[in-house]
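These notes concern the structure reproduced below.
Throughout, a chain's letter reflects where its sequence line sits, starting with A, and its residues are numbered from 1. These numbers come from a predicted model, not from an experiment.
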Number of protein chains: 2
Amino acid sequence: MVADGTRSRDILEAARTLFAERGYLGTSMKDIAAVLGIRAPSLYNHVGSKQDLLRAIMVDTMEALIAIHEEAVAVSEDPAEQLRAAVGAHVRYQATHAHDVKIANAEIWHLDEPARSQVRDLRRRYARAWRDIVDRGVQEGRFRTPPTQLATFTLMGMGVSLGNWATSETGLTDEELVEQYAELAVSLVLQPVAG
Amino acid sequence: MVADGTRSRDILEAARTLFAERGYLGTSMKDIAAVLGIRAPSLYNHVGSKQDLLRAIMVDTMEALIAIHEEAVAVSEDPAEQLRAAVGAHVRYQATHAHDVKIANAEIWHLDEPARSQVRDLRRRYARAWRDIVDRGVQEGRFRTPPTQLATFTLMGMGVSLGNWATSETGLTDEELVEQYAELAVSLVLQPVAG
DNA sequence: CCTACCGATCGGTAGG
DNA sequence: CCTACCGATCGGTAGG
């Protein structure tokens, strides 16, 4: 159990912030309760366990990423357009849900089974969806040939660096960020290598 | 104190593996000792504290990254060549020291002051060195104009995805990986955007 | 929503 | 290198 009203959503929101900043193990139920101004045991009236919070965040995030990816890909039949849209959706999600994406990437090991396998499967599904766009672009002669896989990984890494290296001091709005990354992405796969 | 002989290196090596897999907080001194077949208190004959292990790993890693970067950049005056060399060195280090890089990226928050500020400074220095290459390439008219900053972040993210998304199932040797990423990198900044 | 409390585990020390 | 042990903190329960 993890959802039973607004109180439960507040707990999840506090958990999101703290898990992202200090990590799952670095966050205690007491820390989460403190954000809401209550005591740790009171949390258990709303959530089943600390694991439930982590599971809800990770599963929801991966499912949301897959959903917005599929939506983005549906905008066109052209692989280049699909790529632009997919990168846009990916970066936009990362900009608006930075905490969740960080948690989803960092806390796989602290997620108990069977949820861990479930999230791993969702990850694989997401990676495959990206790979499919690039592969099809190559097959149709629109993208340059290998290294397809490395290009795919690089594309999926776009925006991650924002949380890793930048202090978000780019001076760009989220939408500018989204557009510029999308352009960068197509330029990565669209053109032949120059000597 | 963190180094006093081979025993100390063995402890550091065990810590590297465990910190990377389970995280700093997810690893106990008992876990580390178990790898060496001894009891947790015995570790304190060789290392000062658990924090010392984390600090040694993170500081050494960032200093090594900066050192190989400077060495790589020195190969040429041409920004494109420098970029190729820098990406090569970066990806090569990530392939051969995957654990350390993961720790350096993930455990900043669990590193106590003043080491945390020290590592943050090293990070900034490393990021600035990358930025400098890209900036100079743009100034000299060899690279396409902005988004310079996003391109830099993307370049620095190359290879990270290997640990994040791939199960290292690319079927490439480390050196092939290095070369292909380097080519990908120059293609990212070298050419004008296509409509 | 609270206090009181549980068993387990943690990093680290004492003392040999 | 060990055993024995410390104070602190953890997730979670009981019982109201």
- Item | Nucleotide nearest A:K30 when distance is taken to its side chain, options C:dC1, C:dC10, D:dC10 |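 Nucleotide nearest to A:K30's side chain: D:dC10.
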If the threshold is 4.0 Å, N to carboxylate O, is there a salt bridge linking [X] and [Y]?
| X | Y | result |
| --- | --- | --- |
| A:R142 | A:D78 | yes |
| B:K102 | B:E21 | no |
| A:D174 | A:R92 | no |

Given atom [atom1] of [X] and atom [atom2] of [N], what is their separation to the nearest angstrom?
| X | N | atom1 | atom2 | result |
| --- | --- | --- | --- | --- |
| B:H46 | D:dC1 | NE2 | C1' | 8 Å |
| B:H110 | C:dG11 | NE2 | P | 13 Å |
| A:R22 | D:dT9 | CZ | C1' | 14 Å |
| A:F19 | D:dG11 | CZ | C1' | 12 Å |
| B:I32 | C:dT9 | CD1 | C1' | 15 Å |
| A:I38 | C:dT3 | CD1 | C1' | 14 Å |
| B:L25 | C:dT9 | CG | P | 17 Å |

Do the side-chain N and O atoms of [X] and [Y] include a donor-acceptor pair separated by under 3.5 angstrom?
| X | Y | result |
| --- | --- | --- |
| B:S28 | B:D31 | yes |
| B:R136 | B:Q82 | yes |
| A:S117 | A:E113 | yes |

Heteroatom pairs (N/O) under 3.5 angstrom, protein to nucleotides 12-16 of chain C:
unit_1	atom_1	unit_2	atom_2	d
C:dG12	OP2	B:Y44	OH	2.7
C:dG12	OP2	B:K50	N	2.9
C:dG12	O5'	B:Y44	OH	3.4

- Message: Rounded at 0.5 Å granularity, tell me how far CD in B:E13 sits from OG1 in B:T6.
- Response: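 With rounding to 0.5 Å, CD (B:E13) is 13.0 Å from OG1 (B:T6).
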- Quick one: is B:R7 getting a side-chain N or O under 4.0 Å of the D:dC1 phosphate, OP1 or OP2?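 Answer is yes, contact under 4.0 Å.
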- Task: Verify the contact: side-chain N or O of A:R39 to OP1 or OP2 of C:dT3, cut-off strictly under 4.0 Å; return yes or no.
- Result: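 True: A:R39 side-chain N/O within range (under 4.0 Å) of C:dT3 OP1/OP2.
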- Query: What does B:S28 touch in the nucleic acid at a heavy-atom separation under 4.0 angstrom: a base, only the sugar-phosphate, or nothing?
  - Reply: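 If one applies the 4.0 Å heavy-atom cut-off, B:S28 turns out to touch the sugar-phosphate alone, with no base involved.
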- Message: For C:dG11, give the paired nucleotide (Watson-Crick: N1-N3 plus N6-O4 or O6-N4; G-U: N1-O2 and O6-N3; both under 3.5 Å), or none.
- Response: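 For C:dG11, the partner nucleotide comes out as D:dC6, under the 3.5 Å rule.
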